[in-house]
Amino acid sequence: MGLLGWRLVTRDAWRSVLAMAGIAVAVLIAFVEMGFMNGVLDSQVRVVEAARGELVVLDKRRVHLDKWDSLLPIRLPQIAGLPGVAAVLPLYQAGVNLRSGIDQPDKRLILLAFSPDAPPLELGLDQATLALLREPNTVLFDRKSRPIYGDLAVGQDVWVEGRRLRLGGFASLGPTLLIDGALIASESTLRTFVPMDRPVMAVIRVAPGADIERVKQTILGLAGEDLDVFRPGELADREITYLRRAAPIGLLFGAGMTAGLFVGLVICYQVLYVAIRRRIQAFATLKAMGFSNGFVIGTIVQQAVLYASGGFLMGLAGAYFLYQELALRTGLAILFTAPRIGAIALACLLASVLAGLAASRQVVDCEPADLY
Amino acid sequence: MTVADDQTRIRCSDLSYVYGAGAEAQPVLSGIGFDVAAGEFVILTGPSGSGKSTLVTLVGGLRRLQLGQLRVLGSDLGGASEAALVMLRRDIGFIFQDHHLFDALTPRETMQLTMGLRRERYGKQDYHERPERWLTRIGLQRRMDVLPGKLSTGQRQRVAVARALINEPDLILADEPTASLDPESAAITLECLREAVTQRRATVLMISHDSRHYALADRVLQLIDGCLAPAPAS
């Protein structure tokens with residue numbers, strides 16, 4: 001089986017490459033759909049994954065991160081006073097208009113603000129950049145923002161909500177599906193043009209040695225009905241679950257991914273069907289000689305798996321370059337991870353086995369007696 | 001199995017076969033009975049449509065028995081399961097009118113694949129030596145690693161003959177194996193079959209319309225309208 005299946009693929013190189021190319025297109029479609037879906041999901045939780053603490057506190061009404069329900073200010077000192085809490089790092093958030101020059105149009109983006117002395121997020125800021133944030137009317141720009149904001153240079157003036165500010169440097173976060181870019185400011189700078197005293201999130205640093213789960217329960221006990229407390233990973237999971245189920249993202253991209261794999265299955269089946277048809281008498285001879293149906297089916301499935309493997313690798317290579325381009329153009333976190341590659345590989349393998357089994361039907365049904 | 005049975009490779013009696021059913025029924029074999037012993041070379045002849053191919057496919061376990069008794073290589077094919085028929089076919093060398101080789105396998109690989117049917121008999125070294133010996137025997141020593149597409153029709157058919165013989169089956173069923181061959185290939189094919197009979201006491205049942213082949217055979221069976229008829233004069 002091993003020899004025959006392998007030879008049928010490798011000694012018919014031109015047809016095999018064509019078959020693999022067809023499957024590669026299907027794999028590419030599946031990867032792109034999956035890339036977009038995960039890009040949307042991963043980008044949405046970047047801010048959570050950047051949390052520099054063990055717990056994150058949100059208002060109970062903020063059932064997903066695109067809702068901006070904020071915390072009661074009184075909760076911050078209350079939480080800070082609880083046993084096991086080392087620090088409470090509030091994060092403020094506002095939607096603002098940015099103008100990169102006096103004669104430029106306004107562009108919408110998000111403004112994140114916090115105390116430079118206790119940043120709640122890991123944004124790739126060194127001490128010097130944090131020191132810049134302490135300067136009045138100075139903001140940082142997220143260098144991963146979509147390119148619609150133009151080329152911004154350190155030291156240039158920008159206008160936020162009509163107020164002139166200085167661009168002190170850059171941070172690194174990245175956009176989401178709905179948010180094109182971000183500015184970073186200190187709390188005090190924020191309050192010079194946005195009257196805001198309610199944070200949308202508070203990152204909690206747990207004291208060394210304290211039990212994180214116990215601290216979480218303590219905060220929940222304090223808050224009653226208005227707070228939710230999560231570990232960052234839990235919050236990311238909740239957000240992804242929400243987007244997958246409540247929002248139609250999972251359905252939309254999942255359908256695209258399934259369609260891609262189905263196309264692959266059909267291509268694989270069609271290629272095998274034609275290849276078997278061409279060799280049906282040789283396969284019938286095998287059966288006449290005493291090779292079992294299992295051997296023949298195994299040979300065909302092996303062919304299918306080889307086609308699928310080649311197609312998968314070609315599709316993977318194409319997806320690698322496409323992901324880089326898409327990530328660059330959309331700013332979304334379109335990333336390869338081993339489980340995602342494995343998932344597509346497994347789906348591709350299963351589709352090829354199904355195609356092989358279906359195509360082998362004609363050999364199983366053929367009568368070697370007809371050779372005489 | 002008795003000692004007498006051991007010498008009888010094919011034993012059939014009252015063998016009948018009908019294609020179709022009801023008003024469409026078309027009998028092709030009617031009450032056939034004959035034995036073929038070990039070491040016997042039998043030619044089966046008769047006009048087209050006389051039932052030769054049907055008889056050979058029944059003997060080869062390629063077709064299910066309908067009426068009568070048929071015992072091949074000691075196995076009763078009357079109630080044989082599909083798995084039993086598959087196992088039986090491994091002890092039979094089939095040679096068809098066309099070679100039906102895989103275009104992706106060289107003659108050497110075709111031999112190795114076929115040897116896999118009897119892998120319990122062979123060691124690793126056999127997979128190297130045996131194909132070379134057989135392919136040399138049929139005059140393809142310089143074409144062992146060439147794909148069938150680059151072989152002549154006669155060379156391809158010779159490969160098919162070697163494929164049928166490499167596992168040294170006790171029974172060889174051949175359907176006009178020389179019909180479309182050049183004289184050299186035809187001669188090699190017939191020599192190989194004759195050798196199998198004389199050297200290993202294999203049994204050959206060969207369909208042929210060529211009366212020149214009768215001299216090779218120990219016996220000639222003639223089928224006419226599905227019935228055995230007196231052998232034709234050679």
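- Put simply, of B:L117, B:D98, B:L88, the one with the most heavy-atom pairs under 4.5 Å next to chain A is B:L117.
- The contact between B:T106 and chain A is made by backbone and side chain atoms together, counting heavy-atom distances below 4.5 Å.
- Between B:D126 and B:R118 there is no salt bridge, since none of the side-chain N atoms of the basic residue sits less than 4.0 Å from a carboxylate O of the acidic one.
- In this structure, the portions of B:L105 lying under 4.5 Å from any heavy atom of chain A include both its backbone and its side chain.
- Salt bridge absent: B:K52 and B:E176 never bring a charged side-chain N and a carboxylate O closer than 4.0 Å.
- When heavy atoms are compared at a cutoff of 4.5 Å, B:L58 does not approach chain A at all.
- The aromatic rings of A:F336 and A:Y320 lie parallel to each other, with less than 30° between the two planes, well short of the 60° mark.
- Between atom CZ of residue A:R244 and atom CZ of residue A:F253 there is a gap of 12.0 Å, rounded to the nearest 0.5 Å.
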